Amino acid sequence: MTDAVGADWRILREGVLRRDQFKCVECKTKCSRAEADVHHLLPRSAGGRDDPSNLITLCDGCHAAYHPKLAAGLARRTIERWAVRLARWLDFEGKVSEQSQNFGPALRLFGLDRFRDGQLPVVQAALSGRSLLVVSPTGFGKTLCFQMPAVLQRGVSVVVSPLKALMGEQVSSLLRRKIPSSFINGDLDRDENVFVISCYRATISNCSTWPRSGSLFGIPTSNGFLGRYAQLS
């Protein structure tokens with residue numbers, strides 16, 4: 001980017017931020033200049049122009065939700081803050097007791113007011129550390145059955161998924177709900193995969209990269225990719 005083009009973009013960016021009142025149009029969070037991102041509704045690669053009508057203000061987290069393959073790099077510090085805030089909001093010191101039945105805050109976090117039939121026993125069993133095999137039809141709500149225990153328990157939950165597209169969709173959905181999450185697969189470039197893996201390794205080593213408070217980390221089932229993962233790590 002030349003100096004002239006860079007200057008034009010800075011002026012345009014400032015205009016968009018002021019138009020949107022330094023507020024994320026997705027989650028309505030107020031952003032500082034450093035935290036705010038200007039997002040192209042129609043990407044440049046698809047012919048989108050640097051025009052105010054094609055630009056919106058997003059916070060780092062919501063911007064990462066639009067680009068799940070770059071989420072860790074785009075929103076690392078934001079995801080760290082979410083993890084700390086989530087831990088404080090849910091106010092837990094360890095595992096949630098199976099007998100507590102205090103799932104209200106977690107349900108609200110996922111935009112729900114109650115469980116569907118059959119979900120609660122699965123969540124309770126997962127929280128108690130039991131091994132489970134859940135076979136159910138499409139629409140049962142299996143995703144919540146592993147996402148909620150992951151949020152309510154300390155540490156990192158690893159989800160092995162057979163579908164790359166599903167990984168991206170689920171991570172984007174979690175990021176929009178301010179739940180720290182990421183994934184690795186063969187569609188990510190090497191630098192992003194290495195970065196995500198380093199965050200994961202630091203977390204399980206009890207370092208400060210991502211706080212140990214209900215993060216999700218997805219990997220694909222492909223044996224070939226798992227071999228490449230071993231080389232990266």
Side-chain angles (χ1 to χ4, degrees), residues 65 68-69 71-72 79 83 86-87 90 92-188 193 196-197 199-201 203-206 210-230 232-233:
K69 294 180 182 179
I79 292 174
L86 180 62
L90 292 172
F92 57 84
E93 291 296 331
K95 292 184 178 180
V96 173
S97 169
E98 182 180 345
Q99 288 76 34
S100 71
Q101 303 294 323
N102 186 23
F103 295 108
L107 283 168
R108 290 193 295 273
L109 181 66
F110 286 97
L112 304 170
D113 55 12
R114 61 183 177 83
F115 288 103
R116 295 180 185 176
D117 289 344
Q119 287 180 324
L120 178 57
V122 176
V123 171
Q124 289 177 322
L127 287 171
S128 67
R130 292 165 55 190
S131 297
L132 299 167
L133 172 63
V134 179
V135 180
S136 62
T138 301
F140 170 80
K142 294 183 286 294
T143 299
L144 183 72
C145 292
F146 65 79
Q147 288 185 349
M148 181 171 287
V151 167
L152 290 174
Q153 290 181 305
R154 299 180 68 187
V156 177
S157 295
V158 177
V159 179
V160 181
S161 172
L163 299 174
K164 294 179 181 178
L166 186 61
M167 295 167 68
E169 290 173 6
Q170 291 186 345
V171 165
S172 290
S173 177
L174 290 166
L175 290 174
R176 286 192 169 91
R177 296 192 180 280
K178 310 296 187 279
I179 298 173
S181 56
S182 190
F183 68 91
I184 57 172
N185 63 37
D187 289 344
L188 275 65
N193 272 323
V196 176
I197 291 168
C199 292
Y200 168 72
R201 294 177 67 186
T203 303
I204 61 175
S205 299
N206 203 22
W210 281 357
R212 298 169 58 84
S213 54
S215 301
L216 286 93
F217 179 84
I219 61 174
T221 55
S222 164
N223 288 333
F225 183 81
L226 290 177
R228 294 197 295 277
Y229 164 74
L232 288 171
S233 59

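Keep in mind the model is a prediction, meaning the values are calculated, not measured.
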Within a strict 4.5 Å, meaning less than it, do heavy atoms of the L174 and V151 side chains meet? no
Contact between L120 and F103 at the side-chain level, heavy atoms closer than 4.5 Å - yes or no? yes
I'd like to check the side chain to side chain contact (heavy atoms under 4.5 Å, CB included) partners of V122; sequence neighbours left out, ordered by chain and number. L132, V134, C145
So do the side chains of F146 and V123 get within less than 4.5 Å of each other, counting heavy atoms only? no
Give, for atom CG of L109 and atom CE of M148, the distance between the pair rounded to the nearest 0.5 Å. 8.0 Å
Criterion side-chain contact (heavy atoms from CB on, under 4.5 Å) on L127 and L152, from CA distance to verdict: CA-CA 8 Å; L127 287 171; L152 290 174; 4.0 Å; yes
Are any side-chain N or O atoms of S128 and backbone N or O atoms of A125, one a donor and one an acceptor, separated by less than 3.5 Å? yes
Please name the pair of heavy atoms, one in R116 and one in G141, separated by the smallest distance, quoted to 0.1 Å. NH1-N, 3.7 Å
Gap separating the CZ atom of R177 from the CZ atom of R108, nearest 0.5 angstrom: 13.0 Å
Rounded distance [0.5 Å steps], OG in S161 versus CE in M167: 5.5 Å
Output for pair (S173 OG, L166 CG), nearest 0.5 Å, gives 10.5 Å
Search all heavy atoms of P149 against all heavy atoms of A126 and return the closest pair with its distance. CG-CB, 3.7 Å
Nearest 0.5 Å, what's the CG-CD distance between D117 and Q119? 9.0 Å
Approximate separation, where rounding is to 0.5 Å, of N185 CG and K164 NZ: 5.5 Å
Using the side-chain hydrogen bond (donor to acceptor under 3.5 Å, both in side chains) criterion, which residues pair with Q170? Sequence neighbours excluded. T143
Do I179 and F110 come close enough that some side-chain heavy atom pair is under 4.5 Å? yes
